[in-house]
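Working notes, beginning with the structure itself.
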Amino acid sequence: MSTLLGLDVTRIKADFPILSRTVRDGRRLVYLDSGATSQKPVQVLDAERAFYTQHNAAVHRGAHQLAEEATDAYESARATIAAFIGAQPDEIVFTKNATEGINLVAYAMSNATTAGPESARFVVGPGDSIVVTEMEHHANLVPWQMLAQRTGATLRWLGLTDDGRLDLSNLDEVVDATTKMVAFVHQSNVLGTINPVETLVRRAREVGALVLVDACQSVPHQSTDVHAIGADFLVFSGHKMLGPLGIGVLWGRPELLAAMPPFLTGGSMIEVVHMEGSTFAAPPQRFEAGVPMAAQAVGLAAACDYLTSIGMDAVAAHEHELTGRAIEGLSALPGVRIIGPVTTEARGGAVSFVVDGIHPHDVGQVLDDRGVEVRVGHHCAWPLTRRYGVPATTRATFYLYNDAADVDALVDAVKAAQAFFGSA
Amino acid sequence: MQLESMYQEIILDHYRRPHHKGLQELYDVEVHHVNPTCGDEVTVRVRITADGAHVVDEISYDGLGCSISQASTSVMTDLVSGKPLEEALAVQQEFLTLMQSKGADIADTDIDEDLLEDAVAFVGVSRYPARIKCALLGWMAFKDAAAQAVAAKEQT
């Protein structure tokens, strides 16, 4: 069964020590919460450990041998991660997480108000609009709400259709000549929907707006080429793609990064400092104040290498199969409704659902009792759950280490929840 | 296997047939509490008597959420209804202690089972840190409402 889907899942699972542990009194762990955070293979853990045991020093400081090696490891990691998304190394800024990457751009835009003329194109104010969608994770919504609040700009959004897609019927009205930024999620963390990037980018270009893509749920799961996407900024997090916690990536067009004022300031990001004022380093250093997370960068590069060795197209195809199986299995249960597209077309491996008569928390509790670990709640996309008239959903997300048995365990566990609560 | 210890019959009964659910017109104070991690919400209305005892003579609620949060709120309304506020808040404090007991055998703790009555059924919840907030939602709303009701009485 494990090679049925093209990937040797048994072999892959062996790289993830945590997947061999048991939970809740000896149950096999069925980890279906990779959309929240993925598990880590030994290759990533070993790379991080090797950095600390062999090369640890503060990067971009000092001239001793360890500082050289640490800096080299950090910058090599940047090159590997850049190549993974088809970018150049100096287009990659390391952040604490994707949330910080979005905040970096949003705060740079408000800082542009008081920066020099080179930053003029980032300035927003009264009369300007910022456009998001109703399916955004709070991380790609709240920073824009706050930017609008700070600058007097207006926040607008694209709505959703009943079948879990973006409603583009009024795209030309929502994104208009006043629009300065269009920020949207590539793949929804709740619905699984993969948004039509090309259509959105084309409309943004027509009106001269900047484009930021939240790629947290797409970069880990499909082959990504930032130039093909055509956006201005793209963010993703390391921990959702087999990498360590504590590192995210902001990719930006080099000419934009060069013109953008800093967000966080301090050491490392300066050019010259006087008591009266300072000038700033070129990107990416301008946006990496303080001693950076070198070990995490090294770990994330190892994760990219791991994924590359398996092949992102194979990963995507594998998850596509699992998603189809999950949609089929869950849809067949009376009283279970999927929130999101019910086909696998333009859709990734996040499957959210509600079970009649059982609150998602209670569904999750029964699943957990059987070792099936899913996410329950609003998934940091409260407006989205509100849009679909549900207080919360149960969400399963798949990755390369899941197999058909995991999907079947999910479906069986949902049946068990219905039996326990007597709702089916 | 663990499920039965968490979802005791009393809890499921209160979930299916809640008590004091449906907001009543007689109240001094209304509070609305949410659990931001899951979106569960509860509105509690409380009226207390004007005498020194501040007896909880009216309590009602409405809410949206899991069986634990809703059943716990239902049990809470039964337990505090008709009690002088000091006694009601003592039960509230005991329930908080129960939720913080990390699944310990009640016999090994100082928890007063008699004081908790039906609420003791929630002991299994204390073993699941993610669910403790569900169980406390209505109780914390009551505590908040009670404090506001007292403040309002003392002002007038």
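Order of the sequence lines sets the chain letters (A, B, ...), proteins ahead of strands, with each chain counted from 1.
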Within residues 15-31 of chain B, the residues sitting under 4.5 Å from chain A by heavy atom, in sequence order, are B/Tyr15, B/Arg16
Determine whether more than 12 heavy atoms belonging to other residues, nucleotides or ligands lie under 6.0 Å from atom CZ of A/Arg337.
-> no
Please list all pairs passing the ring-ring contact (aromatic ring centres under 6.0 Å, His included) test where one or both residues lie in residues 85-142 of chain B, with sequence neighbours left out.
-> B/Phe95-B/Phe122, B/Phe95-B/Trp139
B/Asp105 atom CG, neighbour heavy-atom count above 12 within 6.0 Å | yes
Within a radius of less than 6.0 Å around NZ of B/Lys83, do more than 12 heavy atoms belonging to other residues, nucleotides or ligands occur?
-> yes
Roughly how far, to the nearest 0.5 Å, is CZ of A/Phe421 from OH of B/Tyr7?
-> 4.0 Å
Do the charged groups of A/Asp368 and B/Arg131 touch, with an N to O distance under 4.0 Å?
-> no
Flag if over 12 foreign heavy atoms under 6.0 Å of NZ, B/Lys133 | no
Measuring from B/Met6:CE to A/Asp362:CG, what's the distance to the nearest 0.5 Å?
-> 7.0 Å
Looking at B/Ala130, B/Pro36, B/Gly65, which has the largest count of heavy-atom pairs under 4.5 Å with chain A?
-> B/Gly65
Using a 4.5 Å cut-off on heavy atoms from C-beta on, say whether the side chain of B/Asp40 contacts that of A/His359.
-> yes
Closest approach of B/Cys66 to A/His361 (non-hydrogen atoms, all atoms of both residues) | CB-CB, 3.4 Å
A/Trp382 and B/Gly39: which non-hydrogen atoms are nearest, and at how many Å?
-> CZ2-CA, 3.3 Å
B/Thr37 portion near chain A, given a 4.5 angstrom heavy-atom threshold = backbone
Crowding at NZ, A/Lys40 (>12 non-hydrogen neighbours, <6.0 Å) | yes
Between A/Val366 and chain B, which part of the residue has a heavy atom less than 4.5 Å away: side chain, backbone, both or neither?
-> both
